[in-house]
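Here's the structure, in structure tokens; my notes come after.
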Amino acid sequence: MGPSSTPDLSTPASPLSLSTIAVVGLGTMGTGIAEVLTRAGREVIGIDTDEAAAQQAVAALEGASARAVARERITERERQDILARFRTFSDLQAAADADLVIEVVPEDYELKRQVFAGLDAVVRADTILATGTNALSVTRLAADSQRPERVLGVHFFNPAPAMKLVEVVSSVLTAPTAVAAVTELARDLGKDPIAVGDRPGFVADGLLFGYLNQAAAMYEAKYATREDIDAAMRLGCGLPMGPLTLLDLIGVDTARTVLEAMYAESQDRLHAPAPILGQLAEAGLTGRKAGRGFYTYDAPGSGTAVPDAESPAAADELAAGRTVSSVGVAGSGTMASGIAEVFAKAGFKVVLAARSLEKAEKAKARIAKSLGRSVDKGRMSAEARDTALASITPAGALDAFADVDLAVEAVAEDLAVKQELFRTLDKVCKPGAILATTTSSLPVVACARATSRPQDVIGMHFFNPAPAMKLVEVVRTVLTADDVHATVRAVCAKVRKHPVDCGDRAGFIVNALLFPYLNNAIKMVEEHYASLDDIDAAMKLGGGYPMGPFELLDVVGLDVSLAIEKVLHAEFRDPGLAPAPLLEHLVAAGCLGRKTGRGFREYARR
């Protein structure tokens, strides 16, 4: 069948019929895809005009297969078969007999268009053409080709041999049979394919790069250090890597290209590349591959960061502070009892005050159960549990805070309630006592101004559950004294938490980066772009997230999430931060997540 014949896409090709596959572009991604295909028994035709790239691809496959033999995952005979199935060429003519061609040349539309035009001239009419783009329009590439119905996107994630997610991208022109064949191929390769439509970034990168862009802008604004931004997202969200470290890994120039494409499509300011991305890219500071990006590395291509002019000095931790031996915790909920437990286990004397002595005693009983579980799991001794419990004194009024060195409030997230509490703390706490709020979204300075000593007020944003989560966001206002800040950082270290510094603005670090990402995921569902399950799978498999966005929203609570979204929108006035209507509708209907048995999903009642 010649290239001018009419393709027969009336019946789906089976994954086994896609037995000969050409990979055009033998960079890191192309080489990884070639490895996946050869190990799955496919004949692979590697095509690259750069002979050095082709040789490097062969060497990479030889090395990867040798390691697999050494780990006894394959035999030497299987290794030789794998290597025999990979041949490299410098001309597109080599793809003439391919059943499927996967293009993974650099993210430049004109370059990709030329590749597709060249393939149109040499491949069979029934050959499927796939682009590996994650930012450019699959529809436009298809429309510019001779047979748009056989063009689709197949987006692997780096490193392709390890990452399970494959996004199979169809345009309005793509034949369903082509999508079915490539989807089945992905499953046969041991991958988890999800079907998505054609929009920049698709699902995983569409959500990921907006978040990375905001992190870059946060750093550029000097709101927080690169180390604190990265630590906050690792420890506060359980992510495998901080956003600025991830940008260096992806490549600052690559991230900028993806964001430019996303912004051209969406006109959403969240996708407008932060200026620092352009500045770094134009200076050649593109990340790990260049040896320097947001961080400095010991060599180009290395993942080992080395100290540079921006690295924090150890002397910063030695600033003089105040003495803290006793702590008051105000509140009786999960967060208050968790914080009291943290301080008690670290050897502090703790006064746990609630609106009544009965509530305070119930909170202490909750702590006793938590400590008992730690003993049962072998994490602490019975003696240590008893010592910690004995250090907690329940109280029914804030008057009990008269002698504490540090007072921490963990009451309802309501500014009027917190301000009234701080007015009371101002009256009952001794001079020099530090007053801290655990607010996650309200202005700390508004609490400080309710007192006669705003210099003693600071934010200590613990994360739930406080005994398990390592992060504390330390929030200075413009009025907070230096020794108060130094004291709280030292206290965090004593309770074995990791403090990160940030200023007094909505969302601090974690929520300011997390909730716009969650909001954008909801918008994808609103637009019927992808399903809840596919979006959750994409972020877990493609981004290494411990939970998908909808799993997380239901755990956090949709009402809590909506409140934070509203605060962020009110502070930053960015239209892209406006809460998704679907979130508002679910909250209005009383579907608040796991706690009500229904949110984005339904849950069995306990």
Side-chain angles (χ1 to χ4, degrees), residues 13 15-16 18-50 53-65 67-68 74 81-90 92 94-95 97-107 111-112 115-116 119 123 127-136 138 141 151-169 178-179 181-194 196 202 204-205 249-251 254 538 541-542:
L16 293 177
L18 300 179
S19 58
T20 301
I21 300 172
V23 178
V24 182
L26 295 176
T28 302
M29 181 58 78
T31 299
I33 293 171
E35 179 185 338
V36 171
L37 293 168
T38 54
R39 292 185 66 165
R42 300 310 195 276
E43 295 289 330
V44 179
I45 299 162
I47 302 172
D48 201 302
T49 55
D50 183 351
Q55 291 175 356
Q56 194 170 3
V58 172
L61 184 57
E62 289 174 344
S65 57
R67 289 190 293 273
I74 60 173
D81 289 343
I82 287 169
L83 296 175
R85 286 194 289 270
F86 184 49
R87 295 166 293 151
T88 61
F89 302 86
S90 61
L92 287 178
D97 294 325
D99 305 308
L100 166 68
V101 182
I102 302 174
E103 163 279 308
V104 275
V105 301
E107 288 288 273
L111 178 59
K112 290 181 183 290
V115 168
F116 272 77
L119 291 169
V123 300
T127 297
I128 298 171
L129 304 181
T131 173
T133 185
N134 68 337
L136 302 176
V138 176
L141 281 169
V151 176
L152 46 65
V154 56
H155 181 213
F156 287 80
F157 287 74
N158 199 23
M163 300 295 279
K164 300 287 283 183
L165 180 67
V166 174
E167 292 175 318
V168 180
V169 189
V179 175
V182 171
T183 301
E184 285 304 306
L185 170 67
R187 290 197 183 101
D188 195 57
L189 297 176
K191 303 300 183 183
D192 292 304
I194 64 169
V196 298
F202 313 128
D205 286 352
L249 176 63
I250 292 167
T254 301
L541 297 173

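- Within the 4.5 Å cutoff, the side chain of K191 has heavy atoms near those of the V36 side chain.
- Heavy atoms only, all atoms of each residue included: A204 and A538 are closest at CB-O, 4.1 Å.
- For the pair V23 and I33, the minimum side-chain heavy-atom distance is below 4.5 Å.
- Taking each heavy atom of V151 and F116 in turn, the nearest pair found is CG1-CE2, 3.8 Å.
- Residues E35 and F86 form no side-chain contact, since every pair of their non-hydrogen atoms from C-beta on lies 4.5 Å or further apart.
- Between F156 and M163, the closest side-chain pair of non-hydrogen atoms is not below 4.5 Å.
- Remark: R39 does not engage D81 in a salt bridge, criterion side-chain N to carboxylate O under 4.0 Å.
- The minimum heavy-atom distance linking A95 with L119 is given by the pair CB-CD2, 4.0 Å.
- When the options V166, D192, I194 are evaluated for a side chain to side chain contact (heavy atoms under 4.5 Å, CB included) with L541, the one that passes is D192.
- Listed for the K112 side chain is no donor-acceptor partner under 3.5 Å among the backbone atoms of L141.
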Please determine whether side chain to side chain contact (heavy atoms under 4.5 Å, CB included) holds for the pair V24 and V101, giving the CA-CA distance in whole Å, both sets of side-chain angles, and the decisive distance to 0.1 Å.
CA-CA 7 Å; V24 182; V101 182; 3.7 Å; yes
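- By the neighbour-count criterion of 12 heavy atoms within 6.0 Å, atom CG of D50 is densely surrounded, having more than that number from other residues, nucleotides or ligands.
- Here the shortest heavy-atom pairing between A54 and L26 reads CA-CD1, 3.9 Å.
- Note that NE2 of H155 and CG of N134 are 4.0 Å apart. Values are rounded to the nearest 0.5 Å.
- Side chains of E43 and T20: a donor-acceptor N/O pair is absent below 3.5 angstrom, by distance only.
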Could you give me the CA-CA distance, side-chain angles and deciding distance for E62 and L83, then say whether side chain to side chain contact (heavy atoms under 4.5 Å, CB included) is met?
CA-CA 7 Å; E62 289 174 344; L83 296 175; 3.8 Å; yes
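- Two residues are said to be in side-chain contact when any heavy atoms from C-beta on lie closer than 4.5 Å; V168 and P193 meet this criterion.
- Judged purely by atom type and a 3.5 angstrom limit, T31 has no side-chain atom pairing as donor or acceptor with the backbone of T28.
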Test T88 against I47 for side chain to side chain contact (heavy atoms under 4.5 Å, CB included), laying out the working first.
CA-CA 6 Å; T88 61; I47 302 172; over 6 Å; no
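- P106 is listed as a side-chain neighbour of L111, based on a closest heavy-atom distance under 4.5 Å.
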Check the pair I128, L100 against side chain to side chain contact (heavy atoms under 4.5 Å, CB included), reporting the backbone distance first and the verdict last.
CA-CA 5 Å; I128 298 171; L100 166 68; 3.8 Å; yes
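- In this structure, D48 contributes its side chain and A53 its backbone to no donor-acceptor pair below 3.5 Å.
- Across V154 and A130, no two heavy atoms sit closer than the pair CG1-CB, 3.3 Å.
- The shortest distance between side-chain heavy atoms of I21 and D99 does not fall below 4.5 Å.
- Formation of a donor-acceptor pair under 3.5 Å by the R42 side chain with backbone atoms of L18 is found in this model.
- The CG atom of L185 sits 6.5 Å away from atom CG of L37, with the distance rounded to the nearest 0.5 Å.
- In this structure, the side chain of T127 engages the main chain of A98 through a donor-acceptor pair within 3.5 Å.
- The shortest side-chain heavy-atom distance between E107 and T254 does not fall under the 4.5 Å cut-off.
- Side chain of E103 to backbone of V105: a donor-acceptor contact under 3.5 angstrom is found.
- The heavy-atom pair separating F202 from T133 by the smallest distance is CE1-O, 3.0 Å.
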